[in-house]
Every structure is written in C-alpha cells, then in structure tokens.
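Working notes, beginning with the structure itself.
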Amino acid sequence: MQKSYKLSVNSGATFELNESDLQQLDAVATGNHSYHVLKDTIPYKAKIIATDFVAKKYTVEVNATTYEVAIADGLDQLINNMGIAIGRNKVVNAIKAPMPGLILEINVAVGQHVAENDPLLILEAMKMENSFLSPRDGIIKSIVVVKGQAVDKGQLLIEFES
C-alpha cells in the first residue's frame with residue numbers, strides 16, 4: 001500500500017499526493033535547501049525557508065513566491081477524519097529542542113502572557129530556521145536559554161506556568 005499525503009497550501013488549496021507522484025518529480029538539489037524541480041516540462045526554483053517539524057508545517061519559496069505548506073500523512077488524516085483531533089486537550093508545560101541547534105531569536109519574556117500560535121523563539125538547525133509557536137495560551141514561567149546559545153536535542157528551552 002502506498003503512503004499518501006495531503007498538502008494544504010496557505011491554509012486554502014489542498015493537494016493529495018502519493019509515493020508514485022513524488023517519484024515522478026524531477027528534483028535536483030542546487031544548494032542548501034534549494035532545488036531545481038521539473039514537473040510536466042515546466043521548471044521551478046524551490047527553496048525551503050523555514051520548518052516546523054512538530055506541526056509538520058513548512059515555508060517554501062517557489063519561483064520567488066512564498067507559500068506556507070502543511071503536510072498530513074495517512075495517520076494524521078485518519079485521526080482528523082475520526083474527529084479525535086477536535087476534542088483533544090493537551091497541556092504542554094515545556095518547550096524542548098527537537099534537535100541540536102543555535103538560538104537565533106527569543107520573542108517572549110518571563111511573565112508574559114502568550115496565546116496559542118504566538119511566536120516563542122527561532123532555532124537554527126542544519127542551516128534552517130525553525131520557528132517555535134506557543135502550543136497553548138499561558139504565561140511564560142522561565143526561559144532557560146539566551147540568544148546565540150547552542151542547544152542540544154531534548155534541552156529545555158521555555159517553561160509555562162501550570
């Protein structure tokens with residue numbers, strides 16, 4: 001059985017792809033996170049600008065136009081179709097580094113009230129900027145990193161008040 005993916009572009013247009021569709025793309029890396037893509041004899045210049053691995057969201061530039069792309073695999077689609085994601089209530093009290101990297105920017109302060117999806121910080125990893133958005137509404141309890149600091153995978157970055 002082939003894996004299938006549902007792509008949502010700019011929170012509007014959706015596309016469904018499977019492994020065969022992906023294998024038919026003629027893509028060649030031209031630099032760090034830059035690609036030359038040939039699809040149906042039409043050339044495209046593509047570059048990955050930012051990634052959010054946890055939310056499976058990416059910012060890409062194609063022929064000088066920027067797009068926000070969300071990718072859902074088969075399991076994500078099944079969970080959504082079952083309605084499980086609608087009622088889930090998770091409480092995240094800590095943000096940890098998903099990979100080693102360098103803190104480029106911190107957008108919050110201790111004691112600050114943040115809303116869900118407010119930008120918290122930017123971590124550079126493998127020459128890509130990864131934006132961390134607040135997973136919930138809350139108050140910042142502590143920030144245990146500083147701008148310019150190198151961090152390890154799993155290292156605590158920000159804590160929320162319970």
Side-chain angles (χ1 to χ4, degrees), residues 1-81 84-86 88 90 92 95-109 114-136 143 145-158:
M1 186 168 144
Q2 287 193 23
K3 289 184 180 180
S4 64
Y5 303 93
K6 186 173 185 177
L7 284 68
S8 173
V9 180
N10 293 340
S11 300
T14 59
F15 302 92
E16 294 199 24
L17 300 172
N18 59 40
E19 289 177 326
S20 295
D21 297 327
L22 296 175
Q23 290 173 355
Q24 290 178 10
L25 283 178
D26 183 6
V28 177
T30 58
N32 280 341
H33 314 292
S34 297
Y35 302 88
H36 179 271
V37 180
L38 192 60
K39 172 75 170 131
D40 298 327
T41 69
I42 301 171
Y44 299 92
K45 289 184 181 179
K47 183 174 184 178
I48 300 170
I49 305 296
T51 61
D52 181 347
F53 293 113
V54 175
K56 298 181 182 178
K57 294 184 179 181
Y58 304 85
T59 304
V60 295
E61 183 180 287
V62 179
N63 291 348
T65 302
T66 302
Y67 301 94
E68 299 293 326
V69 180
I71 300 174
D73 61 18
L75 180 59
D76 297 326
Q77 294 174 56
L78 177 63
I79 290 170
N80 190 42
N81 290 340
I84 295 173
I86 295 169
R88 91 178 156 194
K90 63 179 180 179
V92 176
I95 304 294
K96 296 182 179 181
M99 65 198 84
L102 182 69
I103 303 296
L104 292 182
E105 190 175 306
I106 299 175
N107 301 316
V108 293
V114 295
E116 185 174 355
N117 294 323
D118 280 354
L120 300 176
L121 60 83
I122 297 175
L123 173 73
E124 179 184 46
M126 301 185 313
K127 297 186 182 183
M128 291 179 61
E129 292 184 5
N130 302 283
S131 297
F132 287 76
L133 303 178
S134 179
R136 67 178 181 97
I143 302 171
V145 293
V146 295
K147 184 177 177 179
Q149 179 179 344
V151 296
D152 294 322
K153 179 179 179 176
Q155 182 175 337
L156 179 64
L157 306 174
I158 294 177

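In this structure, M99 places its CE atom where more than 12 heavy-atom neighbours from other residues, nucleotides or ligands lie under 6.0 Å away.
Here CG of D118 is found 9.5 Å from CG of N107. Values are rounded to the nearest 0.5 Å. Rounded to the nearest 0.5 angstrom, K45 NZ and H36 NE2 are separated by 7.5 Å. To the nearest 0.5 Å, atoms NE2 (H33) and CE (M126) are separated by 6.5 Å. One distance of note links CG of L102 with CD1 of I122; it measures 11.5 Å at 0.5 Å rounding. To the nearest 0.5 Å, atom CD of residue E16 and atom NZ of residue K6 are 6.0 Å apart. Remark: E124 CD to E105 CD distance equals 12.5 Å, nearest 0.5 Å.
At distances below 3.5 Å, not a single donor-acceptor pair connects side-chain atoms of N10 with backbone N or O atoms of G12. Looking at D73, its side chain never comes within 3.5 Å of a backbone N or O of Y5 through a donor-acceptor pair.
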Dump the intermediate steps for side-chain hydrogen bond (donor to acceptor under 3.5 Å, both in side chains) on N130 and T51, then the final yes or no.
CA-CA 5 Å; N130 302 283; T51 61; 2.2 Å; yes
One pair to check against side-chain hydrogen bond (donor to acceptor under 3.5 Å, both in side chains): E68 and T59. What are the steps and the verdict?
CA-CA 5 Å; E68 299 293 326; T59 304; 2.9 Å; yes
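When every heavy atom of P119 is checked against every heavy atom of L133, the shortest pair comes out as CA-CD2, 3.7 Å. Closest non-hydrogen pair, P98 versus F132, comes out as CD-CZ, 3.3 Å. Across all non-hydrogen atoms, the minimal contact from Y35 to T30 is N-OG1, 3.6 Å. Among all heavy-atom pairs drawn from K57 and A70, the shortest one is CG-CB, 4.0 Å. For the pair L123 and V151, the tightest heavy-atom approach, listed with the atom from each and the gap, is CD1-CG2, 3.5 Å.
Contacts of L38 classified as side chain to side chain contact (heavy atoms under 4.5 Å, CB included), with partners at least two apart in sequence or in another chain: D26, P43.
Residues I103 and L157 meet the side-chain proximity criterion, which asks for heavy atoms closer than 4.5 Å. S131 has its side chain out of reach of D52: every pair of non-hydrogen atoms, C-beta onward, lies at least 4.5 Å apart. No side-chain heavy atom of S134 sits under 4.5 Å from any side-chain heavy atom of I158.
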